[in-house]
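One-based numbering, in listed order, for ligands and for the atoms of each.
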Amino acid sequence: MTKLRKILIANRGEIALRVVRACAEAGIESVAVFSEADRTSLHVRAADEAYPVGPPPSAESYLRGDKIIETALASGADAIHPGYGFLAENAAFAEKVLAAGLTWIGPPPNAMRLLGDKLTARKTVQAAGVPVVPGMDVALDDPALAAEAAATVGYPVLIKASAGGGGKGMRIVKSPEELASALRSAQSEATSSFGKGTIYLERYLEGVRHVEIQIMADEHGNVVHLGERECSIQRRYQKLIEEAPSVAVDADLRERMGAVAVAAARAAGYTSAGTVEFLLDKYRNFYFLEVNTRLQVEHPVTEMVTGLDLVLEQFRIASGRPMKFKQDEVRLSGHAIECRIAAEDPFNNFAPSLGDITAMAEPGGPGVRVDSSIYRGGRVSIYYDPMLAKLIVWAPTRAHAILRMRRALKEYRVVGIQTNIPFHLGVMQSIDFQRGRLDTGFVERFLGNSGRMQVEDTTQVADVAAMTAALVAARRHMDSAAASSNGQNSGNGKGLDVWRLSGRKGALR
Ligand code: MV4
């Protein structure tokens, strides 16, 4: 057992702050690292110590493993937490951390290798009896072989990069004619993104749900699952909304999927937090997709329904202690939803929105959690991911959680840049979402042919009309009040209204 005294967090943004907070609660000192663009960031201000690691581009700062390990050693840290993204799933980096005599707060590098490569993961879990999406367990280097594989699997097929992530190198192929060019472009995208062009092929399943199981394993042979997250609401393979539990999963299915996820983790000698992704069809058949060997963006929804703190559990596991709980002690309670708030304009094809945040108000109140990295005066730059914050709500029921999310989204104000908050409000108001009718086609159906949020949305027209009417009324009222009383409170009650309305006008901006 190694007691953790000081942890360096090799990340930025909300997840760096999230880990700093866990350190503070565990009585562990925290060390932040930052690029030149992040000098005034919240994670830097919140950590006990902070050190620069390079210029804004992540390749010259947050991806500089050597510099980060050097900083950890110089600061006297005894462990590194990678957050998600950047170096989190880099087995070679994890090995270097260990070789430097530091504790790696993540899975063993071998397990990361075994499960991080999707083709290897498919083979590994299949050997453990896990059902996988119909496909071919061979790398597709030869186009003739690929055509044969696709014909055997049946169209439509989905080409995937073995080193994949974020949808890079993924191509849907609907007919044999499209295969050759899709193979070439997938291969070159995989090579440029991952430095490895290995691709493989699966049957492309449609009308299914994306459901993932959170697992947690310690060094004492305890492997547990913490239930599922429904993640079908994605755009361009990026998740937008996640919830726990899934309306499509009952106790029996949860137990079966959980057991399979645990078997996959055991087969790889996994420890720490991880996620096993599945597709779930309407007949309740489920198929293994891939394993994410890290703490995920959406981990808070699992925390809200289990009452556990996954980062604190990661600390326990990394220090060699057994987990605090056994499978039969994991209890799910209520419902949690997460909306990823991003600097993207939903009325303009989700174009990135850059600039300075000139004003901001975050929601609060019962059942609301905001894991955010933004602040007034902060800047959204081209250098990093557009995700600004995660808005997470918990309520006893799903219906209440949806109402709570709508309320919280309306409280959220970000001035200076565009955000996707209107998209989230639209989804919370959609009948399909409210009924839990979710599948991988949800976002496409919701946005329609244009791929954009439609301003014609009835509730929005009503909102805009109401706001315009209020502004016009306020302006008229002030003009007439100014004419009759010179803008002073004349004591006839009219003046008070002027100030109230002008205050409201200010708040509407
Ligand atoms: C699939 C799939 C259908 N068939 N694989 C998306 C992200 C990645 N982690 C896995 N993903 C998918 N893999 C096969 N063989 C459907 C998805 C998928 C999806 C696809 C298109 C549009 C939205 C989606 C949402 C979730 C998952």
Side-chain angles (χ1 to χ4, degrees), residues 84-85 88-89 115-119 121-122 125-126 130-138 140 146 149-150 152-174 179 182-183 186 189-190 193-194 199-214 228-243 246 248-249 257 261 264 274-283 285-294 296-298 338 340 350 423 427 432-433 436-449 451:
Y84 53 69
E89 294 183 271
L115 298 174
D117 182 89
K118 291 190 200 172
L119 198 48
R122 260 181 77 94
V125 304
Q126 265 184 102
V130 173
V132 301
V133 179
M136 297 298 285
D137 298 313
V138 288
L140 302 171
T152 312
V153 168
Y155 287 90
V157 297
L158 186 56
I159 299 170
K160 295 186 175 183
S162 193
K168 294 246 169 60
M170 272 171 71
R171 294 287 183 284
I172 299 167
V173 184
K174 299 207 163 128
L179 186 63
L183 279 171
E189 192 171 299
S193 305
F194 313 114
I199 50 173
Y200 66 107
L201 171 158
E202 286 176 356
R203 170 90 186 194
Y204 179 56
L205 302 183
E206 293 175 278
V208 294
R209 291 168 186 263
H210 184 278
V211 175
E212 59 187 31
I213 300 280
Q214 176 71 52
E228 79 285 359
R229 292 184 287 258
E230 161 79 61
C231 305
S232 297
I233 302 193
Q234 307 190 12
R235 185 181 166 274
R236 301 206 173 150
Y237 309 119
Q238 297 291 324
K239 291 169 185 156
L240 287 164
I241 299 173
E242 305 95 344
E243 58 180 308
S246 165
V249 178
M257 292 179 81
T275 299
V276 185
E277 292 188 354
F278 296 97
L279 293 176
L280 176 66
D281 72 16
K282 54 176 180 278
Y283 310 108
N285 300 309
F286 57 89
Y287 307 92
F288 170 88
L289 271 182
E290 59 190 79
V291 179
N292 301 124
T293 62
R294 60 170 191 274
Q296 283 190 286
V297 174
E298 61 271 26
E338 170 177 282
R340 298 189 185 189
F350 294 82
F423 167 85
V427 173
D432 277 351
F433 182 79
R437 284 201 291 207
L438 309 176
D439 65 55
T440 54
F442 181 90
V443 173
E444 217 172 275
R445 284 194 301 274
F446 178 76
L447 294 176
N449 293 330

(Q) Within the supplied structure, the quantity of interest is the number of heavy atoms (other residues, nucleotides, ligands) at a distance under 6.0 Å from Glu206 CD; does it exceed 12? (A)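 It does: Glu206 CD has more than 12 such atoms within range.
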**Q.** Within the 6.0 Å centroid threshold, strictly below: Phe423 and Phe350
**A.**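 They qualify: ring centres under 6.0 Å apart.
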Q) Going by an N to O cut-off under 4.0 Å, is there a salt bridge joining Glu189 and Lys168? A)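 No, this pair does not count.
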Taking a 3.5 Å cut-off between nitrogen or oxygen atoms, can you list every pair linking ligand 1 to the protein, with distances?
{"unit_1": "ligand 1", "atom_1": "4 (N)", "unit_2": "Leu205", "atom_2": "N", "d": "3.1"}
{"unit_1": "ligand 1", "atom_1": "5 (N)", "unit_2": "Lys160", "atom_2": "NZ", "d": "2.9"}
{"unit_1": "ligand 1", "atom_1": "9 (N)", "unit_2": "Glu277", "atom_2": "OE1", "d": "3.0"}
{"unit_1": "ligand 1", "atom_1": "9 (N)", "unit_2": "Glu290", "atom_2": "OE1", "d": "3.3"}
{"unit_1": "ligand 1", "atom_1": "13 (N)", "unit_2": "Lys160", "atom_2": "NZ", "d": "3.4"}
{"unit_1": "ligand 1", "atom_1": "15 (N)", "unit_2": "Glu202", "atom_2": "OE1", "d": "2.8"}
{"unit_1": "ligand 1", "atom_1": "15 (N)", "unit_2": "Arg203", "atom_2": "O", "d": "2.8"}

List for me each residue that meets side chain to side chain donor-acceptor pair (under 3.5 Å) alongside [X], sequence neighbours excluded, and say none if there are none.
{"X": "Asp439", "value": "Arg445"}
{"X": "Glu228", "value": "Arg254"}
{"X": "Glu290", "value": "Lys118"}

